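Heads up, the thing below is written out as structure tokens.
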Amino acid sequence: MSEEKSLNFIEEIIENDLNSGKYETLVTRFPPEPNGYLHIGHAKAICLNFGLTQKYGGYTNLRFDDTNPVTEKTEYVNSQQEDIRWLGFNWKNELYASDYFDELYGFAVKLIEKGLAYVDESSADEIAALKGTPTEPGQDSPHRNRSIEENLDIFTKMKNGEFADGAYILRAKIDMASPNMLMRDPIIYRIKHAEHHRTGNKWCIYPMYDFAHGQSDSIENITHSICTLEYVSHRELYDWFIEKLEIFPSKQYEFARLNLTSTVMSKRKLLQLVNENLVNGWDDPRMPTISGLRRRGFTPKSIREFCERIGIAKRENLIELSLLEFCIREDLNKTANRVMAVLDPIKLVITNYEKGTEDLIGENNPEAEDGGGTRVIPFSNELWIEREDFMEVPAKKWFRLAPGAMVRLKFAYIVKCEDFVKDENGNVTEIHCTYIPESKSGSDTSGINVKGTIHWVSAPHAKTAEIRLYDRLFTSETPDAEEGDFKDYLNPESLTVLPNAYIEPALADADLDGRYQFIRKGYFCLDKDSTADKLVFNRTVTLKDTFKKPN
RNA sequence: UGUCCGAUAGUAUAAGGGUAGUACAACGGUUUUUGGUACCGUUUGUCUUGGUUCGAAUCCAGGUCGGACAACCA
């Protein structure tokens, strides 16, 4: 028997509509405004819309909602397309609301002819004054009852560029006393003498969102127009236009947008972080943008998995960052090769190692489906190890290096700490060990069992690299909800740069697509800032750490 | 003071009148040449008050709490 996987509320609606024969083909759309970069919240909507048509058949359009020429740019169109493709989705048609400007203009004329729209020369303040409040009804504009002929005449002149911005607007004639503020004669066209990224200067009037979105859905025969909760109150208007215009009845459904702990998601706030140089651009690896996550080392698969796991519902939610971290660890654990890098080095000298150097064999990834293969790792009597792997006075349950203690050097020998050197400030500068020749990894006949295994890099063979460690961008789990400015809660330690870490020589061939586990330190990837002489690695995420530090 | 939407473990999400389940998190254990992985286990929940019913997370009514709505933005 097949496993019954439960459906979310949108899937239920779709299955009902398909089973009842209401629709034969499912058509959805992803409709971003090209005015910024896509973030993980958009990824949720992308996975939903494209995922639905992958599951039920039909197709998904990519439609740019470009009805406001002053905020939109081709640059954003391109970056948004790149991000959607990177996530692994392909749209059926690439469309633009601006493709429909002629048709939309015709719809406006039709509404005027039906006596359902009028031009209004009131100022923005005057309109606001008559709008009422959520608890009080509004009042009719003095221009509400102009003749159809006059409305048509002025609207034509608006289109022909005879008026300055703001001189007139076109409003739907609905009900100034409606409990829904959006139904109080909403503005549907405004004059904007601005160059549009696609239509250039052809138009000087542009439709508002409410007069473009539903009609665009209808033109494309979108069956299920899925958007976020803040559009719930727009649905009444959405349906009103479709009804009065007598066009294909697309239906709008709303789900709760994604909120993630310790970050912000609003475009306005992300823009502020970029503009005020609080991060290094839209693709800063600390940003929740798709491009930031990509640069950080997240995989498309991990993001799709995340979107699958968070679910689709109508209640507001705040997802814990740990779920995103789980998703990327789960993917990388199976795919990332294991290598060794020492982030905070201290010298370890093996006093009885006479061979000079030796090539050892290391497994690339025992968790990989194909076994991962092996590589050569050079070894010598002088190594770099992690400073935190040595304690002069070991804590309870410490099973790394300490005076007299033994540990396994990963892929190599067991060593015993015999001595250490301190500088005049009391800092340990060098650790002296002896090794057990019979304990070589893979052919250990020593019979010695040690609890600790530490990573290392041979000092004479090591390459250096810059390593960038990232932590959560905000110290508050809910920076949006805190008192005062959200920027007051930025985490000052969200970025730590280690300019001179040591990496094993095999990493010299790292490329931008590679994903690596630095053994015991986390998952890393090469950053685009790398040059031939200077490699830069980003830490995608740490390994899960269940070691309870003393104290 | 209005209208609309919502409420299930710490966080999400199922159960659609009949055993409140799953995942992440947390905690404990086994295995381990990564204090990782894998495997096993533990803790924690139906906002509230009534009603309908043999039986309610589910249906109904009232309340409480949270969110959205007064841009010539989307």
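The structure displayed is predicted, hence computed values, not measured ones. The analysis underlying the following values was restricted to heavy atoms, covering all of them including side chains, and did not include hydrogens, waters or symmetry mates.
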Which part of the nucleic acid, if any, lies within contact of [X], taking any heavy atom under 4.0 Å across all strands shown: a base, the sugar-phosphate backbone alone, or nothing?
X: A:S441; value: base
X: A:E367; value: base
X: A:T228; value: nothing
X: A:Y231; value: base
X: A:L323; value: sugar-phosphate
X: A:R400; value: base
X: A:N180; value: nothing
X: A:G442; value: base
X: A:E254; value: nothing
X: A:F411; value: base
X: A:T67; value: sugar-phosphate
X: A:K397; value: base
X: A:L318; value: sugar-phosphate

Taking atom [atom1] in both [N] and [M], what distance in whole Å separates the two?
N: B:U22; M: B:C60; atom1: C1'; value: 31 Å
N: B:C24; M: B:G45; atom1: C1'; value: 16 Å
N: B:A25; M: B:U42; atom1: C1'; value: 14 Å
N: B:A68; M: B:A61; atom1: P; value: 26 Å
N: B:U8; M: B:U13; atom1: C1'; value: 9 Å
N: B:G50; M: B:G55; atom1: P; value: 16 Å
N: B:A56; M: B:C4; atom1: P; value: 29 Å
N: B:U44; M: B:U37; atom1: P; value: 25 Å

Are [X] and [Y] in a cation-pi contact, defined as NZ or CZ under 6.0 Å from the six-membered ring centre and within 45° of the axis?
X: A:R63; Y: A:Y96; value: no
X: A:R171; Y: A:Y189; value: no
X: A:K159; Y: A:Y105; value: yes

[X] has a side chain; which of [options] sits nearest to it?
X: A:F547; options: B:G35, B:A25, B:U1; answer: B:G35
X: A:K192; options: B:G36, B:U34, B:C73; answer: B:C73
X: A:P134; options: B:G2, B:C72, B:G36; answer: B:G2
X: A:R520; options: B:C72, B:G35, B:G36; answer: B:G35

If you assign each of A:A313 and A:I169 to its closest nucleotide in RNA chain B, which residue comes earlier from the 5' end?
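Its nearest nucleotide being more 5', the pick is A:A313.
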Taking the nucleotide of RNA chain B with the nearest heavy atom to each, does A:D65 or A:R329 sit closer to the 5' end?
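The 5'-side residue here is A:R329.
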Which heavy atom of A:I112 sits nearest to which heavy atom of A:F155, and what is that distance?
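Between these two residues, the closest heavy atoms are CD1-CD2, 3.7 Å.
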For A:S122, side chain to side chain donor-acceptor pair (under 3.5 Å) partners two or more places apart:
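A:S122 satisfies side chain to side chain donor-acceptor pair (under 3.5 Å) with A:D120 only.
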With sequence neighbours excluded, tell me which residues meet side chain to side chain donor-acceptor pair (under 3.5 Å) with A:T475.
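By the side chain to side chain donor-acceptor pair (under 3.5 Å) rule, A:T475 matches no residue at all.
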Considering only heavy atoms and no angle criterion, is a donor-acceptor pair shorter than 3.5 Å present between the side chain of A:E136 and the base of B:U1?
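Between B:U1 and A:E136, which were checked side chain against base, a qualifying N/O pair under 3.5 Å is absent.
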Check: A:R408 side chain, B:U33 base, donor-acceptor under 3.5 Å
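When only heavy-atom distances are counted, A:R408 does reach the base of B:U33 through a donor-acceptor pair under 3.5 Å.
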At less than 4.0 Å, is any side-chain N or O atom of [X] found next to OP1 or OP2 of [N]? Yes or no.
X: A:R190; N: B:C73; value: yes
X: A:K314; N: B:A7; value: no
X: A:R184; N: B:A70; value: no
X: A:T453; N: B:G35; value: no
X: A:R338; N: B:U37; value: no
X: A:S6; N: B:U13; value: no

Rounded to whole angstroms, how far apart are [atom1] on [X] and [atom2] on [N]?
X: A:E316; N: B:U13; atom1: CD; atom2: C1'; value: 16 Å
X: A:H234; N: B:C5; atom1: NE2; atom2: C1'; value: 14 Å
X: A:M183; N: B:C4; atom1: CE; atom2: C1'; value: 13 Å
X: A:E363; N: B:U32; atom1: CD; atom2: P; value: 15 Å
X: A:E320; N: B:G10; atom1: CD; atom2: P; value: 11 Å
X: A:W456; N: B:U34; atom1: CH2; atom2: C1'; value: 14 Å
X: A:I188; N: B:C73; atom1: CD1; atom2: P; value: 14 Å
X: A:E126; N: B:C72; atom1: CD; atom2: P; value: 13 Å

Between A:R400 and A:E386, does at least one N-O distance fall below 4.0 Å, as a salt bridge requires?
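Here A:R400 does not pair with A:E386 in a salt bridge, since their nearest N and O are not under 4.0 Å apart.
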Looking at A:E305 and A:K301, does any basic side-chain N land under 4.0 Å from a carboxylate oxygen?
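So A:E305 does not pair with A:K301 through a salt bridge.
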Over 60° means perpendicular and under 30° means parallel, so tell me whether A:F211 and A:F241 are parallel, tilted or perpendicular.
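It falls in the perpendicular class, over 60°.
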Over 60° means perpendicular and under 30° means parallel, so tell me whether A:Y37 and A:Y76 are parallel, tilted or perpendicular.
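Judged by the thresholds at 30° and 60°, the geometry between A:Y37 and A:Y76 is perpendicular.
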Can you give the dot-bracket line for RNA chain B, where a pair is Watson-Crick or G-U wobble with both atom distances under 3.5 Å, crossing pairs use [ ], and | marks a partner on another strand?
.((((((..((((....[..)))).(((((.......)))))....(((((..]....))))))))))).....
Verify whether one side chain among A:K73 and A:N35 offers a donor that lies under 3.5 Å from an acceptor in the other.
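No - no donor-acceptor pair under 3.5 Å links their side chains.
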